Amino acid sequence: MPELPEAETIVRDLRPRVTGRRVVGVKVIKPDVLARISPEQFRRRLKGRTIESVGRRAKNIVIRFDRDLVLVINLGMTGRVVSSDAPRASELRHVAVRFMLDDGRELLYDDARRFGRLELFSSNAWAERDAQFGVEPLSADFTPELLYAGLKQSRVPVRNWLLDQTRIAGVGNIYANEALYRAGIRPTRRSNLVTPAEAARLRDAIRDVLSEAIARRGTTLADYRDANGEKGGFEPLLQVYGREGEPCPRCGSTVRRVVISNRSAFYCPKCQR
DNA sequence: AACGCGCCCTGTCCGC
DNA sequence: TGCGGACAGGGCGCGT
């Protein structure tokens, strides 16, 4: 998916343009993107609600409405949230849900593979779900000590550890690989064998790569689009992800790809041990 | 009980 | 030009 930087980019775009707007209608075109609710119930609960805030938790877009209703959007691999007044809105080919707003605009949820999910919560139910996610990596709580303590408890490859949303919230395969490259740690390394000094480097690398990606409005490999339907600008700055066979930017060695738990990992065999 | 794995679904690309 | 296979940002639920 869309990882933390992509969700954050969408949230920042959406916030000023939909906060305070009221939902006057909902059309569900592909019901299988709704989690645990029928299209009729989904429409009924949202219609007439006013958007009070737009935020992010992990890779999720969190839209709070009046009268204790929370809409949580997980984009899966190919989910997009695009405003109907964006010039590129007409290019959407897989619109699954349309939200009609009281100013005449629509918010479109588009998802080719339909791995994404839209779910409604009460504030309390969302708080319970929210508590299951791990630390936000850009928050002050994400200290080197916390990361090291967490890594020490697990024997899974460190790349897998970084993908576990109950441990760190919002890191996906692209930024896990990029952060490990920056920190000089091989993705296959068992988590409990990462040293305190390496954990400290990894913590900084994670924060740096996520912040830089947000500044560039995310990474578009193929499908990701922001709320205006535009691609992100971080892809050219990827140093190893998707670069099998290309030279390492630091030492010139050939970047390798290995499969860990059915997902690709990329690394420099010389810079990452 | 921490992990690994298969699966959900569509699109694209590559080799033959 | 067509066809089969590999691959893709995620996450859930299952079995061990």
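Side chains are part of it too, since the values below use all heavy atoms of this structure and drop only hydrogens, waters and symmetry mates. In this text the structure is predicted, and so the values were computed from the model without any measurement. So you know, we letter chains A, B, ... as the sequences are listed, proteins then strands, and number each from 1.
- If you take CZ of A:Phe115 and P of C:dG10, they are 11 Å apart, rounded to a whole angstrom.
- Within the model, atoms OH of A:Tyr267 and CD1 of A:Ile185 stand 14.5 Å from one another, a figure rounded to the nearest 0.5 Å.
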Inset, instruction - Dot-bracket notation for DNA chain C is requested: 5' to 3', Watson-Crick or G-U wobble pairs only, both distances under 3.5 Å, with ( ), [ ], | and . as defined. - result: .|||||||.|||||||
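- Using a 4.0 Å heavy-atom cutoff across all strands shown, A:Asp32 reaches no nucleic acid atom at all.
- In the model, A:Arg257 has no side-chain atom that pairs as donor or acceptor with a side-chain atom of A:Asn177 under 3.5 Å.
- We find that CE of A:Met77 is positioned 10 Å from P of C:dG11, with the value rounded to whole Å.
- A distance of about 24 Å separates the P atoms of B:dA1 and C:dG11, rounded to the whole Å.
- Annotation: salt bridge (charged side-chain N to carboxylate O under 4.0 Å, His left out) contacts of A:Asp111 (sequence neighbours excluded): none.
- Within the structure, salt bridge (Lys or Arg N to Asp or Glu O under 4.0 Å) contacts touching residues 114-131 of chain A (residues at least two apart or in different chains) are A:Asp32-A:Arg114, A:Arg36-A:Glu119, A:Arg57-A:Asp130.
- OP1 and OP2 of C:dC7 both lie 4.0 Å or more from every side-chain N or O belonging to A:Arg263.
- At whole-Å resolution of the value, CG in A:Leu4 and P in C:dG10 are 12 Å apart.
- Looking only at atom types and distance, the side chain of A:Ser83 has a donor-acceptor partner in the side chain of A:Asp85 under 3.5 Å away.
- Neither OP1 nor OP2 of C:dC7 sits under 4.0 Å from any side-chain N or O of A:Ser264.
- For the residue pair A:Ser261 / A:Asn160, a side-chain donor-acceptor distance below 3.5 Å is found, with atom types taken as modelled.
- In 5' to 3' order, the nucleotides of DNA chain B bounding all contacts with chain A (an atom under 4.0 Å from a heavy atom) are B:dC3 to B:dG11.
- Residue pairs meeting the salt bridge (Lys or Arg N to Asp or Glu O under 4.0 Å) criterion with at least one partner in residues 202-219 of chain A, sequence neighbours excluded, are A:Asp13-A:Arg217, A:Arg182-A:Glu212, A:Arg217-A:Asp226.
- Against DNA chain C, the stretch residues 116-135 of chain A makes heavy-atom approaches under 4.0 Å through A:Arg129.
- Between the CD1 atom of A:Ile174 and the P atom of C:dC7 there is a distance of 17 Å, rounded to whole Å.
- Judged by closest nucleotide on DNA chain B, A:Gln153 is the one of A:Gln153 and A:Asn262 placed further toward the 5' end.
- Across the P atoms, B:dC9 and C:dC3 are found 23 Å apart, a figure rounded to whole Å.
- Among the atoms of the strands shown, only primed sugar atoms or phosphate atoms (P, OP1, OP2) are found under 4.0 Å from some heavy atom of A:Arg257.
- For the residue pair A:Thr219 / A:Tyr175, a side-chain donor-acceptor distance below 3.5 Å is found, with atom types taken as modelled.
- Shown here for A:Val209 and A:Ala179, the closest heavy-atom pair between the two residues is CG1-CB, 4.2 Å.
- Atoms OH and CD, on A:Tyr241 and A:Glu178 in that order, are 10.0 Å from each other to the nearest 0.5 Å.
- Without hydrogens or angle criteria, A:Tyr224 side chain to A:Glu6 main chain gives a donor-acceptor distance under 3.5 Å.
- Among the atoms of the strands shown, only primed sugar atoms or phosphate atoms (P, OP1, OP2) are found under 4.0 Å from some heavy atom of A:Arg167.
- Taking atom OH of residue A:Tyr241 and atom P of nucleotide C:dC7, one finds them 12 Å apart after rounding to whole Å.
- For A:Arg155, the CZ atom counts as loosely surrounded, since its 6.0 Å shell holds 12 or fewer non-hydrogen atoms of other residues, nucleotides or ligands.
- Side-chain to base pairing of A:Arg113 with C:dA8: one donor and one acceptor N or O lie within less than 3.5 Å of each other.
- The phosphate of C:dA8 (OP1 or OP2) has no side-chain N or O of A:Asn173 nearer than 4.0 angstrom.
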